[in-house]
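For reference, the structure is listed below as structure tokens.
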Amino acid sequence: MKQLSRIFIVTVLALSALAFSAQAQQAQKALPVFPEFSALIQTGKIRLEFISGFRDVKSIGVQRSLDSVLNFNTIGYISNPGDIRCSYDDGKPLPGSNYYRMLIIFNNGRYFFTKVVLAVPDSSINDREKLTAADVKAAIAAAKAAGIATSTTPPPVVTDKGAVKEKEAPKEEKIVWHPSNYIYTTADGNVNIKLPDAPNKKYIVKFYEPDGTFLFDIKEVKEPFLILEKAIFLHAGWFNFEILEDGKVLEKWNVFIPLIYRN
């Protein structure tokens with residue numbers, strides 16, 4: 001009888017621990033209540049979420065800007081603005097910091113803007129580990145297995161298409177690729193920019209296709225850490241980049257974006 005009592009007590013304690021753990025996890029994932037909302041950088045998108053107690057809502061527009069003050073443009077609408085739990089996925093975020101606000105319009109014509117929210121990395125995604133050369137090799141193998149051809153070696157660092165001058169046959173030199181300390185891909189497939197002196201110096205970052213075709217640039221990096229969604233680059237594979245620090249070249253190198261990533 002005593003043994004049964006002990007088993008019962010242990011079982012109750014175990015179930016209580018599991019229940020407490022589940023409640024703690026739910027608390028961690030608790031969504032903000034509108035007009036507060038979250039903007040989290042996830043793999044291939046930025047997700048906006050909130051819980052709403054508003055009713056009689058006509059529409060909720062999602063607006064985005066790169067500077068948090070001016071140039072807000074409506075990029076879409078919450079599909080079911082009257083629901084309790086609402087979300088919106090920005091599948092084409094802009095290069096740089098993405099700021100969001102929402103415009104809520106009621107059926108009686110009244111409206112207001114929410115405060116501005118900066119998109120931040122989703123802490124539930126393990127994306128702080130750089131992809132090493134071995135990771136890139138594995139990603140290329142996975143892409144080939146999926147029927148997508150990807151170069152196994154990084155391209156020449158060309159950052160201006162058509163600017164390569166004629167020169168003598170180059171001497172063969174084996175360059176061992178390694179991830180940059182400034183711009184690198186992480187396990188979630190996104191591109192990280194790490195420039196600790198950004199608040200005090202002027203940085204310009206430019207991205208190119210392997211043949212030197214210009215893709216886009218970030219004219220002024222204002223924050224020491226920035227995440228670029230892989231969706232911005234439109235395809236997987238190698239990309240070249242150039243970092244200018246106060247008008248001088250800090251680094252020219254390349255980065256690999258995997259087709260298949262891990263969370």
Side-chain angles (χ1 to χ4, degrees), residues 25-127 185-186 188-193 205 207 215-223 225-236 257 259-263:
Q25 290 180 356
Q26 289 178 355
Q28 290 178 351
K29 296 180 180 179
L31 296 178
V33 178
F34 202 61
E36 303 289 328
F37 65 92
S38 62
L40 300 179
I41 301 172
Q42 299 179 349
T43 303
K45 65 186 177 184
I46 294 179
R47 164 155 285 201
L48 281 58
E49 286 186 294
F50 58 88
I51 292 176
S52 176
F54 290 100
R55 296 297 175 263
D56 198 32
V57 177
K58 182 178 181 181
S59 66
I60 300 178
V62 179
Q63 300 186 341
R64 182 183 63 197
S65 170
L66 286 176
D67 57 21
S68 78
V69 179
L70 302 174
N71 303 316
F72 272 97
N73 295 309
T74 300
I75 60 172
Y77 293 87
I78 301 296
S79 58
N80 298 298
D83 288 356
I84 295 177
R85 178 167 181 160
C86 299
S87 64
Y88 179 87
D89 289 339
D90 181 4
K92 296 181 179 180
L94 299 173
S97 299
N98 285 264
Y99 295 88
Y100 297 89
R101 71 180 184 187
M102 296 191 190
L103 169 61
I104 180 169
I105 301 177
F106 296 92
N107 288 321
N108 61 9
R110 295 179 60 190
Y111 70 92
F112 69 86
F113 289 97
T114 67
K115 71 175 185 178
V116 177
V117 174
L118 170 64
V120 297
D122 188 343
S123 60
S124 67
I125 297 177
N126 180 19
D127 60 355
T185 314
T186 44
D188 61 353
N190 292 328
V191 174
N192 291 236
I193 300 178
V205 179
F207 287 93
L215 283 178
F216 63 86
D217 61 4
I218 303 175
K219 297 186 182 298
E220 187 173 357
V221 181
K222 298 180 180 180
E223 299 176 14
F225 184 72
L226 189 64
I227 294 179
L228 301 184
E229 284 293 327
K230 63 181 293 184
I232 296 173
F233 293 84
L234 301 180
H235 66 84
I257 299 179
L259 174 68
I260 300 173
Y261 46 84
R262 63 181 188 272
N263 288 337

- prompt: If you measure from NZ on Lys58 to CG on Asn107, what distance do you get to the nearest 0.5 Å?
  reply: 7.5 Å
query: In terms of heavy-atom contacts, does CZ of Arg55 have more than 12 from other residues, nucleotides or ligands at under 6.0 Å?
result: yes
message: Checking Ile51 against Ile84 for the side-chain contact (heavy atoms from CB on, under 4.5 Å) test, could you report, in this order, the C-alpha distance in whole Å, the side-chain angles of both residues, the deciding distance, and whether it holds?
response: CA-CA 5 Å; Ile51 292 176; Ile84 295 177; 3.8 Å; yes
query: What closest approach, in Å, do Ile104 and Phe34 show between heavy atoms, and which atom pair accounts for it?
result: CD1-CE2, 3.7 Å
Any Met102 side-chain heavy atom under 4.5 Å of Leu48 side chain: yes
- request: Measure the shortest side-chain to side-chain distance between Phe112 and Phe106 over non-hydrogen atoms and say whether it is less than 4.5 angstrom.
  value: yes
Heavy-atom pair with the smallest gap, counting every atom of Thr186 and Asn192: OG1-ND2, 3.0 Å
- prompt: Checking Ser59 side chain against Gly61 main chain: does a donor-acceptor pair fall under 3.5 Å?
  reply: no
N/O donor-acceptor pairs under 3.5 Å from side chains in residues 69-83, not counting sequence neighbours:
unit_1, atom_1, unit_2, atom_2, d
Thr74, OG1, Gln63, NE2, 3.2

task: With sequence neighbours left out, write down each residue that passes ring-ring contact (aromatic ring centres under 6.0 Å, His included) with Phe216, or none if nothing qualifies.
output: Phe207, Phe233
- prompt: Side chains of Glu223 and Leu118: does their closest heavy-atom pair fall under 4.5 Å?
  reply: yes
- request: List the steps, then state whether side-chain contact (heavy atoms from CB on, under 4.5 Å) holds for Val221 with Val205.
  value: CA-CA 8 Å; Val221 181; Val205 179; 3.9 Å; yes
field: Taking every non-hydrogen atom, the tightest pair across Lys219 and Asp217
entry: NZ-OD2, 3.3 Å
field: Heavy-atom closest pair, residues Ala39 and Val117
entry: CB-CG1, 4.0 Å
message: For the CG atom of Leu215 and the CG atom of Leu234, what is their distance to the nearest 0.5 Å?
response: 7.5 Å
- line: Between the NZ atom in Lys222 and the CD atom in Glu220, the distance rounded to the nearest 0.5 Å is 5.0 Å
- line: Rounding to 0.5 Å, atoms CD1 (Ile46) and CG (Leu40) come to a distance of 9.5 Å
query: When rounded to the nearest 0.5 angstrom, what is the spacing between CZ in Arg47 and OG in Ser38?
result: 9.5 Å
- request: Drop me the distance from Ser87's OG to Phe50's CZ, to the nearest 0.5 angstrom.
  value: 8.5 Å
field: Residues, nucleotides or ligands: over 12 heavy atoms within 6.0 Å of Tyr111 OH
entry: no
Passing candidate, side-chain contact (heavy atoms from CB on, under 4.5 Å) with Pro93, options Leu228, Ile227, Asn98: Asn98
message: Going by the rule side-chain hydrogen bond (donor to acceptor under 3.5 Å, both in side chains), which residues pair with Asp90 if we only count those two or more places apart in sequence or in a different chain?
response: Arg64, Tyr100
message: Between the side chains of Lys92 and Glu229, is the shortest nitrogen-to-carboxylate-oxygen separation below 4.0 Å, so that they form an ion pair?
response: no
message: Run the side-chain contact (heavy atoms from CB on, under 4.5 Å) test on Ile232 and Val191 for me, step by step, so that the C-alpha distance in whole Å, both residues' side-chain angles and the decisive distance to 0.1 Å come before the verdict.
response: CA-CA 10 Å; Ile232 296 173; Val191 174; over 6 Å; no
